[in-house]
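What follows is a set of notes on a single structure, which appears directly below.
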Amino acid sequence: MELKQNIAHSDWTKLLRAPYVVRMKIYLDGKFVDSSEAKVSVFDHGLLYGDGVFEGIRLYGGNIFRLEEHLERLEYSAKAIMLQMPHTRAELRELTCETCRQNGLTDAYIRLVITRGVGDLGLAPWLCPKPSIFIIASKISLYPQEHYDNGLAIVTVPTRRIGPAALPATIKSLNYLNNILGKIEAKQFGALEAIMLNEQGYVAECTADNVFIVHKGTIITPSSSQGALKGITRDTVIDIAAEIGVPLRESDMTRYDIWCADECFLTGSGAEVIPVVKLDGRVIGEGKPGSITQRVLAAFRRRVLVEGTRI
Ligand code: PXG
């Protein structure tokens, strides 16, 4: 497959990492094992069918950001797919912290995954007697700093966000193929992220980020009923808007609303708060990160250092 390389090649390589070659301790089904030993079965239904749920969590300066909210979302995702949680909330909290401690990390990306576990071939989840769980705490590479300084140019991709009747966007499941198709299309257009529309043509979210615009002094974001994940960073931005006194509302959003917005930014545990200055070739606002976006980003960076669960 040939992908157009409009993006500086270095941008992509900076985003590529191979954490599995670095020695680290992984929590896997009851014990901490070396990464070289951390293996799941080819009969795991998480692998065979994408049957499982996960969280992507951040550790900042020894504090896990909004751990309770992530664990709650994980529990809700598991409940929605009728997956038995292998640990209590208290156990998961401790195991997540311990994974960071075992690896001597103070700043990290934590991936917590629960799969349906090992079973015979066949979709039926009852073929899998025991769910499997693993927790990886690894270093994270963010978008290159220049994109926080200058803003991203993104595109709308043809692949639509899966509708809520098929798979509610609120479930953070291991089925990311829809988003991956969006990511591939973004790269073909030379962009690092992409707007995904829902089946009705309204803006849902990006492939791994929520989307916000600022219009005439109000922050606006699509509601989760339009196909947006209830992002933990999104919730944080809602709190920040109240803190800094900027009105915020959830609303249906079309591409037009973004093209004609004064500012646009994306949020996610990986991306944090990142400005967008162009969509589909249209310059947004003045073509540079807007003042409200910068205030939100500054407030976010303050919060992550003081909020959180000490490991
Ligand atoms: N929408 C989707 C589809 C996501 O996957 C978000 C929104 C933002 O949610 P949070 O809770 O993170 O604010 C996500 C999150 C990765 C990675 O490994 C993906 C996410 C977060 C962190 C890392 O690519 N997606």
Side-chain angles (χ1 to χ4, degrees), residues 12 14-20 50 52-60 64-77 96 107-113 134-143 152 154 157 159-164 166-187 192-198 203-212 221-241 250 253 265-274 276 296-297 300-301 303-304 307-308:
W12 283 102
K14 274 183 218 159
L15 294 171
L16 293 174
R17 295 171 298 144
Y20 46 85
V53 293
F54 78 102
E55 281 297 321
I57 310 171
R58 290 290 293 275
L59 171 72
Y60 292 97
I64 301 181
F65 189 62
R66 298 212 164 184
L67 178 59
E68 291 309 307
E69 288 84 346
H70 279 286
L71 295 179
E72 181 182 71
R73 186 169 68 182
L74 186 71
E75 288 165 1
Y76 286 149
S77 294
T96 307
D107 291 272
Y109 173 67
I110 305 161
R111 171 59 61 95
L112 210 165
V113 182
F134 53 89
I135 308 174
I136 306 167
S138 172
K139 293 209 182 320
I140 177 134
S141 58
L142 301 170
Y143 285 112
L152 284 175
I154 65 171
V157 286
T159 296
R160 299 293 176 103
R161 187 69 167 94
I162 293 174
L167 183 64
T170 38
I171 303 176
K172 202 161 164 60
S173 82
L174 295 181
N175 283 262
Y176 258 58
L177 211 39
N178 176 244
N179 307 54
I180 289 164
L181 291 179
K183 194 88 179 166
I184 290 170
E185 289 162 354
K187 190 171 194 284
L192 290 171
E193 244 303 9
I195 294 287
M196 298 187 80
L197 306 177
N198 65 21
V203 172
E205 59 176 348
C206 291
T207 66
D209 296 305
N210 289 112
V211 59
F212 291 77
T221 192
S223 71
S224 65
S225 61
Q226 293 294 358
L229 179 76
K230 281 187 187 151
I232 305 296
T233 323
R234 176 182 183 276
D235 280 347
T236 309
V237 166
I238 292 171
D239 292 347
I240 287 172
E250 292 184 349
M253 190 184 286
F265 61 89
L266 312 180
T267 66
S269 299
E272 304 181 316
V273 175
I274 188 156
V276 173
V296 170
L297 175 56
F300 181 80
R301 293 213 160 133
R303 265 179 190 249
V304 296
E307 259 188 39

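First listed ligand is number 1; within each ligand, the first listed atom is number 1. Not measured: the values here are computed from a predicted model.
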_Test side chain to side chain donor-acceptor pair (under 3.5 Å) applied to Thr207 and Glu193, step by step_ = CA-CA 7 Å; Thr207 66; Glu193 244 303 9; 2.9 Å; yes
*Listed by chain and number, what are the side chain to side chain donor-acceptor pair (under 3.5 Å) partners of Thr221, not counting sequence neighbours?*
none
*Can you spot which of Ile195, Leu266, Leu197, Leu229 makes a side chain to side chain contact (heavy atoms under 4.5 Å, CB included) with Glu205?*
Leu229
_Residues in the immediate environment of ligand 1 (any heavy atom closer than 4.0 angstrom)_ = Arg73, Tyr109, Arg111, Lys172, Tyr176, Asn179, Glu205, Thr207, Ala208, Asp209, Asn210, Leu229, Gly231, Ile232, Thr233, Thr267, Gly268, Ser269, Gly270
*Of all residues at least two apart in sequence or in a different chain, which pass the side chain to side chain donor-acceptor pair (under 3.5 Å) check with Gln226?*
Asn198, Asp252
*Report yes if the distance between the aromatic ring centroids of Phe265 and Phe300 is under 6.0 Å, otherwise no.*
no
*Pairs flagged by salt bridge (Lys or Arg N to Asp or Glu O under 4.0 Å) wherever residues 221-240 is involved - sequence neighbours left out*: Arg66-Asp239, Arg234-Glu250
